[in-house]
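Working notes for the structure below.
Numbered from 1 within each chain, the chains take letters A, B, ... in sequence-line order.
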Amino acid sequence: AQTVTQSQPEMSVQEAETVTLSCTYDTSESNYYLFWYKQPPSRQMILVIRQEAYKQQNATENRFSVNFQKAAKSFSLKISDSQLGDTAMYFCAFMKQAEKLVFGKGMKLTVNP
Amino acid sequence: EPEVTQTPSHQVTQMGQEVILRCVPISNHLYFYWYRQILGQKVEFLVSFYNNEISEKSEIFDDQFSVERPDGSNFTLKIRSTKLEDSAMYFCASRLGLLLTDTQYFGPGTRLTVL
């Protein structure tokens with residue numbers, strides 16, 4: 001079974017700075033997807049970014065980028081120019097084709113003014 | 001942009017009562033999911049549904065739970081006899097197809113409180 005580990009339960013960063021959230025996973029699959037979801041205090045799950053395992057190029061979405069290390073089974077999220085609205089829980093998730101999402105425990109990020 | 005909707009946003013019920021949580025997936029999506037998040041914990045998979053059948057279910061999804069797509073738009077989760085430990089946020093998600101490129105889109109969630 002796949003597992004997703006987020007070892008940092010909580011982080012804080014100053015506004016405008018850069019922060020990196022870590023995630024590792026365990027799978028024997030070769031083809032899969034990885035995701036970062038953001039959950040603000042409203043508790044809605046918002047997709048931030050996704051990465052296809054077969055792609056070597058790291059995904060980017062505006063201020064959000066990932067560092068995907070397939071051999072190390074590592075998938076970190078970098079948030080550049082942090083904004084107050086980035087304050088939220090962040091969940092790393094794994095999905096192999098046609099199946100459910102498997103989530104990590106989440107990490108609480110606080111952006112301080 | 002199309003979105004998944006869920007009603008109600010908050011449901012309060014007494015232990016032992018039946019509740020039905022409703023979801024309207026994105027209209028052309030074919031695969032539907034329910035997830036649960038107990039406060040302060042991670043999001044957990046409950047069940048997936050395709051072609052009017054359950055595709056997969058977790059250990060959490062016992063006989064007290066059922067899902068249904070009663071018409072062409074709604075997707076419901078029923079809990080027959082609620083327990084205190086069913087208190088959680090319940091998320092519905094839908095997906096276009098089974099391609100790895102098909103993302104699951106989440107609804108805003110229903111907060112269930114069992115007293």
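- With chain A as the partner, the residue from P108(B), G40(B), G97(B) showing the most heavy-atom pairs under 4.5 Å is P108(B).
- The environment of D71(B) atom CG is dense: over 12 non-hydrogen atoms of other residues, nucleotides or ligands sit within 6.0 angstrom.
- More than 12 heavy atoms of other residues, nucleotides or ligands sit less than 6.0 Å from atom NZ of K73(A).
- Both F65(B) and V67(B) belong to a single network of hydrophobic side chains, linked directly or stepwise wherever heavy atoms of I, L, V, M, F, W or Y lie under 4.5 Å apart.
- Taking a 6.0 Å sphere around CD of E3(B), one finds it holds 12 or fewer heavy atoms contributed by other residues, nucleotides or ligands.
- The two residues Q104(B) and L101(A) have their closest heavy-atom pair at OE1-CD1, 3.6 Å.
- With a 4.5 angstrom heavy-atom cutoff, Q39(A) touches chain B only via side-chain atoms.
- Contact annotation: the side chain of Q37(B) approaches that of F91(A) to within less than 4.5 Å [non-hydrogen atoms, C-beta and beyond].
- Residues Q44(A) and F106(B) have side chains not in contact (no heavy-atom distance under 4.5 Å, counting atoms from C-beta outward).
- Residues F35(A) and T103(B) form a side-chain contact, since some pair of their non-hydrogen atoms from C-beta on lies under 4.5 Å apart.
- Both the backbone and the side chain of L39(B) have a heavy atom closer than 4.5 Å to some heavy atom of chain A.
- The two atoms that bring K105(A) and K42(B) nearest to each other are CA-CB, 3.7 Å, heavy atoms only.
- The cationic group of K100(A) lies under 6.0 Å from the six-membered ring centre of F45(B) and within 45° of the ring axis, placing it in a cation-pi geometry.
- Inter-residue side-chain proximity for R95(B) and M95(A) is flagged as met; some heavy-atom pair is nearer than 4.5 Å.
- Follow the hydrophobic side-chain contacts under 4.5 Å out from L47(A) and you reach F103(A) in the same cluster.
- Interface residue Y35(B): only side-chain heavy atoms are found under 4.5 Å from chain A.
- Counting non-hydrogen atoms of other residues, nucleotides and ligands closer than 6.0 Å to CD of Q57(A) gives a total of 12 or fewer.
- Heavy atoms of other residues, nucleotides or ligands lying less than 6.0 angstrom from CG of N28(B) number more than 12.
- By the criterion of side-chain heavy atoms lying less than 4.5 angstrom apart, applied directly or through intervening Ile, Leu, Val, Met, Phe, Trp or Tyr residues, Y33(B) is not grouped with V24(B); the two fall into different hydrophobic clusters.
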